[in-house]
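Please read these numbers as outputs of a predicted model, since none were measured by experiment.
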Amino acid sequence: SQTVRRLWKSREWIGEHVLVDLLSEMDGTTTITKADIQEMLPEITKTQLDMLFQACKDNMKFRLKQEMDRATFMKVAAGIKLNIDHVNEKIVEAIKQQKEVDADGGHAKVPVPVSPAARSRMLGASRPFPGMPA
């Protein structure tokens, strides 16, 4: 379809080098309308103008899709890194606990809730077991 139109209108078309020269003089952030192009190049055909703008739209869609894909990949990568950091913290903590166990001769230091009475016995206060003479 575009090839047929291009061949049909090729004698009337403005050369690509003319378009490149004209557009390269403009700032990259400038928005150009069809009316602007027709004003600068009154001899441009409607078909060529339509094809030029369609090519621009297709190019921008492609670039936008690439940027969206890049942004999505960055979000996924950030999520993975957060999970890896969390796992790394747990591993470092487990290694520290294992070193403490190894330093204690293989006995794990497990915190056990202790009642105040039991704590006083552990600190040296003794009392007989129930049923034993004092």
Side-chain angles (χ1 to χ4, degrees):
S1 60
Q2 285 187 2
T3 308
V4 173
R5 279 193 260 172
R6 184 174 182 158
L7 287 172
W8 184 259
K9 298 282 186 176
S10 65
R11 289 177 286 184
E12 302 171 14
W13 280 20
I14 295 170
E16 184 177 337
H17 66 283
V18 174
L19 292 170
V20 170
D21 290 343
L22 178 69
L23 297 176
S24 65
E25 293 174 8
M26 297 183 173
D27 181 21
T29 60
T30 304
T31 302
I32 301 171
T33 64
K34 287 183 180 182
D36 294 334
I37 298 284
Q38 286 174 326
E39 184 180 318
M40 292 182 276
L41 299 168
E43 64 275 8
I44 193 167
T45 64
K46 182 182 179 329
T47 303
Q48 185 178 12
L49 189 60
D50 290 343
M51 289 177 69
L52 178 65
F53 272 78
Q54 186 61 45
C56 289
K57 285 180 188 177
D58 293 343
N59 188 343
M60 291 308 295
K61 283 180 190 175
F62 178 75
R63 285 185 183 179
L64 180 61
K65 185 177 185 316
Q66 282 184 320
E67 288 299 317
M68 288 177 66
D69 288 346
R70 188 173 298 131
T72 301
F73 288 134
M74 291 300 287
K75 287 178 185 175
V76 169
I80 290 171
K81 183 174 181 339
L82 288 174
N83 286 330
I84 288 173
D85 289 347
H86 178 72
V87 169
N88 187 47
E89 288 173 10
K90 294 295 183 184
I91 290 171
V92 168
E93 186 179 308
I95 289 171
K96 284 180 183 177
Q97 287 178 356
Q98 185 61 43
K99 285 181 181 179
E100 289 174 5
V101 167
D102 291 344
D104 191 35
H107 301 291
K109 295 179 183 176
V110 179
V112 178
V114 179
S115 71
R119 184 175 306 281
S120 69
R121 279 199 309 233
M122 285 190 232
L123 295 174
S126 62
R127 65 166 217 217
F129 284 105
M132 300 212 43

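Taking CD of Glu39 as the reference point, atom OG1 of Thr33 lies at 8.5 Å (rounded to 0.5 Å). Rounded to the nearest 0.5 Å, atoms OG1 (Thr45) and CD (Gln38) are 9.5 Å apart. Rounding to the nearest 0.5 angstrom, the gap separating the CG atom in Leu22 from the CD1 atom in Ile44 is 9.5 Å. Note that the NZ atom of Lys96 and the CD atom of Glu100 stand 9.0 Å from one another [nearest 0.5 Å].
Contact detail for Met51 and Trp13: the closest heavy-atom pair is SD-CH2, 3.5 Å. Of all heavy-atom pairs spanning Phe53 and Ile37, the tightest one is CE1-CG1, 4.0 Å.
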task = Walk me through it: do Lys34 and Leu52 pass the test side-chain contact (heavy atoms from CB on, under 4.5 Å)?
result = CA-CA 9 Å; Lys34 287 183 180 182; Leu52 178 65; over 6 Å; no
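With respect to Glu16, the side-chain contact (heavy atoms from CB on, under 4.5 Å) criterion is satisfied by exactly one of Val18, Val20, Ile14, Leu19: Val20.
Each salt bridge (Lys or Arg N to Asp or Glu O under 4.0 Å) pair with one or both residues in residues 60-69, not counting sequence neighbours, appears once here: Lys65-Asp69, Glu67-Arg70. Among residues at least two apart or in separate chains, side chain to side chain donor-acceptor pair (under 3.5 Å) pairs with a member in residues 76-92 are Lys81-Asp85.
No side-chain heavy atom of Asp36 sits less than 4.5 Å from a side-chain heavy atom of Thr31.
Through chains of ILVMFWY side-chain contacts below 4.5 Å, Ile84 is grouped with Val76, Ile80.
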